[in-house]
Number of protein chains: 2
Amino acid sequence: MALVVQKYGGSSVADASCIKRVAQRIVATKKAGNDVVVVVSAMGDTTDELLDLAQQVSPLPPGRELDMLLTSGERISMALLAMAIANLGHEARSFTGSQAGVITDSTHGKARIIDVTPGRIREALDLGHIAIVAGFQGVSQNTKDITTLGRGGSDTTAVALAAALEADVCEIYTDVDGVFTADPRVVPAARKIPRISYEEMMEMAACGSKILHLRCVEYARRFNLPIHVRSSFSTKEGTWVVSDPDSEGTEMEQPIISGVAHDRSEAKITVVGVPDKVGEAATIFKTLADAEINIDMIVQNVSAAATGRTDISFTLPTSDGPTALTALKKVQERIGFESLQFDDQIGKVSLIGAGMRSHPGVTATFFAALADAGVNIEMISTSEIRISVIVGQDEVDAAVGAAHRAFDLDADQVEAVVYGGTGR
Amino acid sequence: MALVVQKYGGSSVADASCIKRVAQRIVATKKAGNDVVVVVSAMGDTTDELLDLAQQVSPLPPGRELDMLLTSGERISMALLAMAIANLGHEARSFTGSQAGVITDSTHGKARIIDVTPGRIREALDLGHIAIVAGFQGVSQNTKDITTLGRGGSDTTAVALAAALEADVCEIYTDVDGVFTADPRVVPAARKIPRISYEEMMEMAACGSKILHLRCVEYARRFNLPIHVRSSFSTKEGTWVVSDPDSEGTEMEQPIISGVAHDRSEAKITVVGVPDKVGEAATIFKTLADAEINIDMIVQNVSAAATGRTDISFTLPTSDGPTALTALKKVQERIGFESLQFDDQIGKVSLIGAGMRSHPGVTATFFAALADAGVNIEMISTSEIRISVIVGQDEVDAAVGAAHRAFDLDADQVEAVVYGGTGR
């Protein structure tokens, strides 16, 4: 008998009929002989509706109270889901994050899980019950106040609970069939990835793939917990996120590149004419860190010998742009840079693949494909298994498509080249 | 500095603007130098909407899950109220029933409070915060599951919390100015009662007055906690419910009758032709008790000597009628009664007044007034401070009006007769 943790997002439990359908799926998993723990998000637009209510009473609601408010969303969906399961003749018990032992720090709105003590969940499983747990929420260790985990919170709850319960798998249900080699809305020939490593999935998440949140994959990697990303609308196999995707006895060559991710949510700031002295860059990034701004890519040009000055460019979430510009303006005189440029018409395109490690020509192929597609590269950043470039926002689609083709990822190419027509 | 517990019902927090208005009222109480604890119900129709959702997924949802679902209602209202107060520059902290230490038994849907341990509320008050507590909910002592208190639950939460905190007063805010001598929709000349005893208020509640629930008044009496029932739409004094309403230094004579209550929610069952043997009535009421039916009034006629048979009539909530009839049908043969009659076109009219104890003529005056109004009395029941009669449902209004006038309760009469034109 396996222990399966399943996570259903807001769109999977958007209304009563969705909830009944999910209940059937859960009961089927139970009937197949598994112990089942289900993590559930708030129904459809509930969270947005609650945020709207909060805005109506206060422009800047206290984090503690906002968390108290928002956690009512999962309370509703989990109770309804437990009822729907009971109506199918199975015993289900719903538990809040606090009841499920999700212990966090006290950072309201984006709390971090620091411990999971799922005693009540184990008891429920021992009694043969299906346990339904509220995603996205926990209880602060110090203040005993209710907290929320922020973006990707329900996925993180599911993975953390699965790790604490030593589950066999954490199934993340979504409205697509799995993780794709590129966003199918951009590349219609994109193909579902059957298996991918934690590292690659983390790079995908960090580079704009929205299907799994970085935190949840990090957590799964730490506990070596398999994640199965799949559709709640079909019973097809989805994408397995595991430590070693090649281990499953397949003789077939893995593709060099697992996928192409893109991200249109960043902007670029260029600090123009920075005096080329030791420590000036440090001051700039210390200033930004103090303003709690997360920097992504950084490029510093070689300074022009004539002027003794250089330009420093970096990317950051577009929404942080105004804060960053304000913070930098304040230190302009002290640092002595000439001006600031802000460009929110950029996009990031990233190639991700563990195969890069052993295939040196990847960068050359990537850049040639971009050149052929007439795409100009503004910035470059690499890791061991990733190459990212910043391009003009209106060139993102072309760049993603070109890269996808250049590495033989298009569906018909894959069948022919990588999988030799096995039809898998 | 006084400690004030305030309770606001669902209509007082129906939307964002209502919540903001209530927040101002709470802040005003705090600014006047009081410690303030607020108990709040779910917003407007939230509970009905949640019940509707539950019905959509399950015709008979488990009590545990229904309680989990419904308690999200107060979670929303209390968090919004805390935000609205914060927006006025005051510190407020919201607490669930469980966090506030409302410990109950495990009877989902109508749990009883068995202890209140408001440690976190005291801490909040010590820090100068306003504490907002979810009404209607608690946590089961044995199972640690979330429970709800059933009808009148939020009032009971407020009174129980006020008692545990040794508050100076529990203010129950509602949409009317206080407790009236009769329902003003039936008797336009009805007058607000300034002060009333716990006993009288309990009789009022038991006899159909909906303004306070019986449980909450019982609880207040046990702890001798003053309740102040008042309108959330004005700052006028409402009705004080206290142990000795005459003690407040008023020289004026208290009225013999405090109020006239009525109730259209009951029906009457008559068991016709019961053999007049010892134990037959006991069998009938044992049968009803086993079916968990609450009986109100009972009348047994003197048996007709010729037949050796008698009729037994009793009243019960109309909604329990079918269950009661089914249960009695099953024992018809064993008891040997002739038939059952069911009448849901009845109403109960009750006179309540501690002054009855020392004024013997009350019953005669009451019945004469009903006779003058052409109202036929079907059943009679009395307590030390109450006289109730069952009349035809379409005669309830006339009976209430006649009794109200007969005991000089009409507003203009009161000014002239009881209060001697003091204008109070």
Side-chain angles (χ1 to χ4, degrees), chain A residues 13 15-23 42-43 46 49-50 52-88 91-96 98-99 119-120 123 132 134 139 143-146, chain B residues 13 15-23 42-43 46 49-50 52-88 91-96 98-99 119-120 123 132 134 139 143-146:
Chain A
V13 292
D15 58 28
S17 62
C18 290
I19 288 173
K20 287 196 228 180
R21 202 166 45 74
V22 166
M43 294 167 72
T46 307
E49 288 165 16
L50 291 171
D52 181 52
L53 269 175
Q55 280 300 314
Q56 287 178 40
V57 300
S58 170
L60 200 69
R64 179 191 188 278
E65 301 305 326
L66 199 56
D67 281 358
M68 186 67 97
L69 179 72
L70 294 181
T71 50
S72 60
E74 293 85 37
R75 198 178 187 89
I76 293 170
S77 56
M78 73 179 188
L80 291 172
L81 187 52
M83 289 175 195
I85 292 171
N87 198 39
L88 297 174
E91 292 278 341
R93 296 283 182 279
S94 67
F95 298 95
T96 64
S98 173
Q99 290 176 332
R120 294 191 66 176
E123 276 173 36
I132 315 289
V139 61
T143 63
K144 308 295 177 213
D145 285 330
I146 302 304
Chain B
V13 292
D15 59 27
S17 62
C18 288
I19 289 173
K20 287 196 228 179
R21 201 167 44 75
V22 166
M43 293 167 72
T46 307
E49 288 165 16
L50 292 171
D52 181 52
L53 270 174
Q55 280 299 315
Q56 288 178 40
V57 299
S58 170
L60 200 71
R64 179 189 188 279
E65 301 305 326
L66 198 55
D67 281 358
M68 186 68 95
L69 179 72
L70 294 182
T71 49
S72 61
E74 293 84 37
R75 199 178 187 89
I76 293 171
S77 57
M78 74 180 187
L80 291 172
L81 186 53
M83 290 175 193
I85 292 170
N87 197 41
L88 297 174
E91 293 279 340
R93 297 284 183 278
S94 67
F95 298 94
T96 64
S98 172
Q99 290 176 333
R120 294 191 65 177
E123 276 174 33
I132 315 289
V139 62
T143 64
K144 308 295 177 213
D145 286 330
I146 302 304

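Each chain gets a letter, A, B and so on, in the order its sequence line appears, and its residues count up from 1.
Using a 4.5 Å cut-off between heavy atoms, B:Leu53 touches chain A through backbone and side chain atoms alike. The contact between B:Ala92 and chain A is made entirely by backbone atoms, counting heavy-atom distances below 4.5 Å. Heavy atoms of A:Leu66 lying under 4.5 Å from chain B belong to its backbone as well as its side chain. Contact annotation for B:Leu81: neither backbone nor side-chain heavy atoms come within less than 4.5 Å of a heavy atom of chain A. Residue B:Arg120 touches chain A through its side chain alone, counting heavy-atom pairs closer than 4.5 Å. In this structure, the portions of A:Thr71 lying under 4.5 Å from any heavy atom of chain B include both its backbone and its side chain. At a 4.5 Å heavy-atom cutoff, B:Ser17 makes no contact with chain A through either its backbone or its side chain.
With chain A as partner, the option from B:Gln99, B:Lys144, B:Met68 having the largest number of non-hydrogen pairs under 4.5 angstrom is B:Met68. Annotation: maximal heavy-atom pairing with chain A below 4.5 Å, among B:Gly73, B:Ala16, B:Ser77, occurs at B:Ala16. The residue among B:Ala23, B:Ala86, B:Ala54, B:Ser98 with the most heavy atom pairs within less than 4.5 Å of chain A is B:Ala54. When the candidates B:Leu70, B:Asp145, B:Leu80 are compared by the number of heavy-atom contacts under 4.5 Å with chain A, B:Leu80 comes out ahead.
Listed by first and then second residue, the salt bridge (Lys or Arg N to Asp or Glu O under 4.0 Å) pairs involving residues 66-84 of chain A amount to none (not counting sequence neighbours).
Atoms CG and OG, from B:Leu50 and A:Ser72 in turn, are 9.0 Å apart once rounded to the nearest 0.5 Å. Rounding to the nearest 0.5 Å gives a distance of 6.0 Å between OG1 of A:Thr46 and CE of A:Met43. Summarising the geometry, atom CD1 belonging to A:Ile132 is positioned 13.5 Å from atom OG1 belonging to A:Thr96; distances are rounded to the nearest 0.5 Å.
At a threshold of 4.5 Å between non-hydrogen side-chain atoms, the residues A:Leu69 and B:Met83 count as touching. Using a 4.5 Å cut-off on side-chain heavy atoms (C-beta onward), A:Met78 and A:Arg93 make no contact.
Scanning for side-chain hydrogen bond (donor to acceptor under 3.5 Å, both in side chains) contacts around A:Glu65 gives B:Ser94, with sequence neighbours left out.
Formation of a donor-acceptor pair under 3.5 Å by the A:Lys20 side chain with backbone atoms of B:Gln56 is found in this model.
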